[in-house]
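Single-structure report; data block below.
A, B, ... follow the sequence lines: proteins, then strands. Residue 1 opens every chain.
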Amino acid sequence: MAVKADRDKCIYCGGCTAVCPVNALTLKETRIECDASKCTDCGLCIKFCPVGALSKVKKE
Amino acid sequence: MRFEEEYDVVIVGAGPGGSIAAREFAKRGLSTLVIERRQEIGAPVRCGEGLGEVWMKKAELEYDPTWCLQEMRGAVLYAPNGKPVKIPTDNKGYVIERKMFEKKLAAQAIREGAQYLVKTQVYDVIKDEKGFVAGVKTKGGLLGARDFKAKLVIAADGVDSQTAKYAGINTFNPLSEVDSGYEYEMAGLKMDDPHMIHLYVGTEIAPRGYVWIFPKGKDTANVGIGIAGDNQQTAKHYLDKFIASHPEIFEKAGAYEEKGGCVPVGAPLEKPYADGLMIIGDAAHMVNPIHGGGMGTAMEAAVIAARIGAEAVSRGDVSEQALKPFADEWFKERGEQLKRVLKVRKFFEKLSDDDMNYLADVFINDTDLLLRFSDGDKFSSAVKLFAKHPKLALLAAKMLV
Ligand SMILES: Cc1cc2nc3c(=O)[nH]c(=O)nc-3n(C[C@H](O)[C@H](O)[C@H](O)COP(=O)(O)OP(=O)(O)OC[C@H]3O[C@@H](n4cnc5c(N)ncnc54)[C@H](O)[C@@H]3O)c2cc1C
């Protein structure tokens, strides 16, 4: 499970990483990385994002 | 630039907290390294850039025209019905240029002997055989993957702090206890008074939060919003709506910068330290939960942490017990007050627009009390003011004890 940030919208504020309960998200200067092995698809980060840049990664 | 393998103190994060701590440790002769993820200290900005002069004094910072852009002499609070409540104050402040401010703080620390390593991410802590935090692991930047040993590590890495989590401390922020913030820096605004900050409240305007206009000049300002983190709509949605509904201010305005971020507006971390580790600023949720200001509190905590931390390092004891006085002192100086402010925030968030309009009418005759009340003080005088309003009286009796 994972989320992805739309890089056209993301302002890399890192807020999503602050509300992730399992520490799956990391801000790398201008890029949000999601550790799919930790992400539980809880959606908190998506709800939080001030600009609506995050979404769930659809499974194949 | 030569970097050592071991320092007395390693500080993660070069925000206001990290750089003031660095200056204070270095000043006491401790070898100090600051590690910062960003390639440019100061940018991007995640802030409304409002800073009271009292905080500058606490951090021993002089007025500096390169970053103290516009003097503020108070606030105008707009009730949901649009009625303005003017709140002048003698405690002046500035809207600052944070990009410059953070660089100047880093420069001060460097002059005192601290070293800085930018564009470098801390991704784990090193623990020694006793389980004490004893350094950090980095990647990226000029040096690539490195281990830096330290007698003491300071986590000043902001609201998204991972350092404390790597050390096993839970700094998780529930959505209800954060604000989602979004902001434009704009020019071409028409402002009545560019020496006052302008605040707009209302459940439709900014659910559990407010819109701010912090002037940076005659017609330039930070125009931002903070709303509860668990709101269905984005912060940007509400801010754009606000701007569209105020043509009298924004008709000729345009944005030249977008900013945003997360503000930890819950309770401060109860235990901002562990063996070999101190946590300061946003990383320990040391933020005023009503207005979300955290630069001043981060710097104040940095000053205390550096004094206690430096003593601990020179005595060769960085155990929890040795670092605990930092938390004791900080809670006495600020933490207890912030906990009372949190009660006021929780009280305010129960109010309907009508309640807020009523309060504006009541407080307009005693704005000094409003200031003190929102600072977590004068609960009983404020509660007396609500006596004629059954809902508010009941809420106050329940929530402001
Ligand atoms: C929209 C918004 C508006 C605000 N408005 C105001 C205001 O008007 N006035 C005010 O006083 N406060 C305001 N705040 C709050 C204020 O910005 C913070 O409280 C303040 O920055 C806290 O300082 P700090 O030093 O603790 O952390 P920060 O300033 O966040 O600094 C942390 C630093 O650590 C770095 N870092 C993080 N992780 C790592 C890592 N793993 N490795 C290396 N480096 C790392 C970051 O890049 C950053 O530079 C606002 C916040 C937001 C989001």
Side-chain angles (χ1 to χ4, degrees), chain A, chain B residues 36-40 43-47 118-123 139-141 157-162 165-166 170-184 224-240 257-264 282-283 285:
Chain A
M1 284 171 264
V3 295
K4 66 171 188 324
D6 176 347
R7 291 202 66 180
D8 290 339
K9 283 190 185 164
C10 177
I11 53 171
Y12 35 93
C13 72
C16 53
T17 68
V19 298
C20 176
V22 292
N23 250 355
L25 294 168
T26 316
L27 170 65
K28 299 270 176 71
E29 193 161 6
T30 59
R31 165 167 56 95
I32 296 294
E33 274 184 12
C34 179
D35 182 341
S37 70
K38 289 185 187 164
C39 176
T40 61
D41 258 357
C42 70
L44 292 180
C45 56
I46 298 174
K47 211 170 188 187
F48 168 82
C49 178
V51 293
L54 291 170
S55 58
K56 287 188 183 171
V57 175
K58 294 206 182 60
K59 268 172 265 170
E60 308 293 299
Chain B
E36 168 56 50
R37 162 173 73 197
R38 296 179 287 175
Q39 83 183 48
E40 178 184 351
V45 175
R46 303 177 188 121
C47 191
V118 294
K119 205 172 170 58
T120 302
Q121 186 117 8
V122 168
Y123 73 93
K139 53 186 168 193
D157 46 349
V159 63
D160 51 323
S161 172
Q162 304 279 5
K165 291 180 186 163
Y166 300 137
N170 180 11
T171 60
F172 167 64
N173 296 280
L175 270 195
S176 60
E177 299 305 298
V178 301
D179 276 358
S180 179
Y182 186 70
E183 181 179 68
Y184 298 110
I225 188 169
I227 59 168
D230 49 8
N231 195 280
Q232 287 301 339
Q233 295 281 4
T234 62
K236 182 176 191 305
H237 164 87
Y238 285 101
L239 185 60
D240 288 341
E257 187 171 348
E258 257 187 87
K259 325 177 201 192
C262 179
V263 194
D282 273 18
H285 313 169

Quick check for you: to the nearest 0.5 Å, what is the distance between B:E258 atom CD and A:K9 atom NZ? 11.5 Å
Examine distances only and state if a side-chain atom of B:Q121 and a backbone atom of B:Y123 form a donor-acceptor pair shorter than 3.5 Å. no
Considering all heavy atoms of both residues, which atom of B:K165 and which atom of A:T17 are nearest to each other, and what is their separation? NZ-O, 4.1 Å
Select one option (side chain, backbone, both, neither) describing which atoms of A:I11 are under 4.5 Å from chain B's heavy atoms. side chain
Given a strict heavy-atom distance threshold of 4.5 Å, which part of A:C20 is in contact with chain B: side chain, backbone, both, or neither? backbone
Is A:L27 in contact with chain B via its backbone, its side chain, both, or neither, using a 4.5 Å heavy-atom distance? both
Checking heavy atoms, do the side chain of B:E177, its backbone, both or neither come under 4.5 Å from chain A? neither
Is B:V159 close to chain A through its backbone or its side chain, or both, or neither, when contacts mean heavy atoms under 4.5 Å? both
To the nearest 0.5 angstrom, please state how far the CZ atom of B:R37 sits from the NZ atom of A:K28. 10.0 Å
Interchain contact, B:D179 with chain A, by part (heavy-atom threshold 4.5 Å): backbone
Spacing of CZ belonging to A:F48 relative to CG belonging to B:N231, to within rounding of 0.5 Å: 11.5 Å
For a quick check under 3.5 Å, do B:D240 and B:Y182 share a side-chain donor-acceptor pair by atom type? no
Tell me, out of B:V263, B:L175, B:D282, who's got the most heavy-atom pairs with chain A below 4.5 Å. B:L175
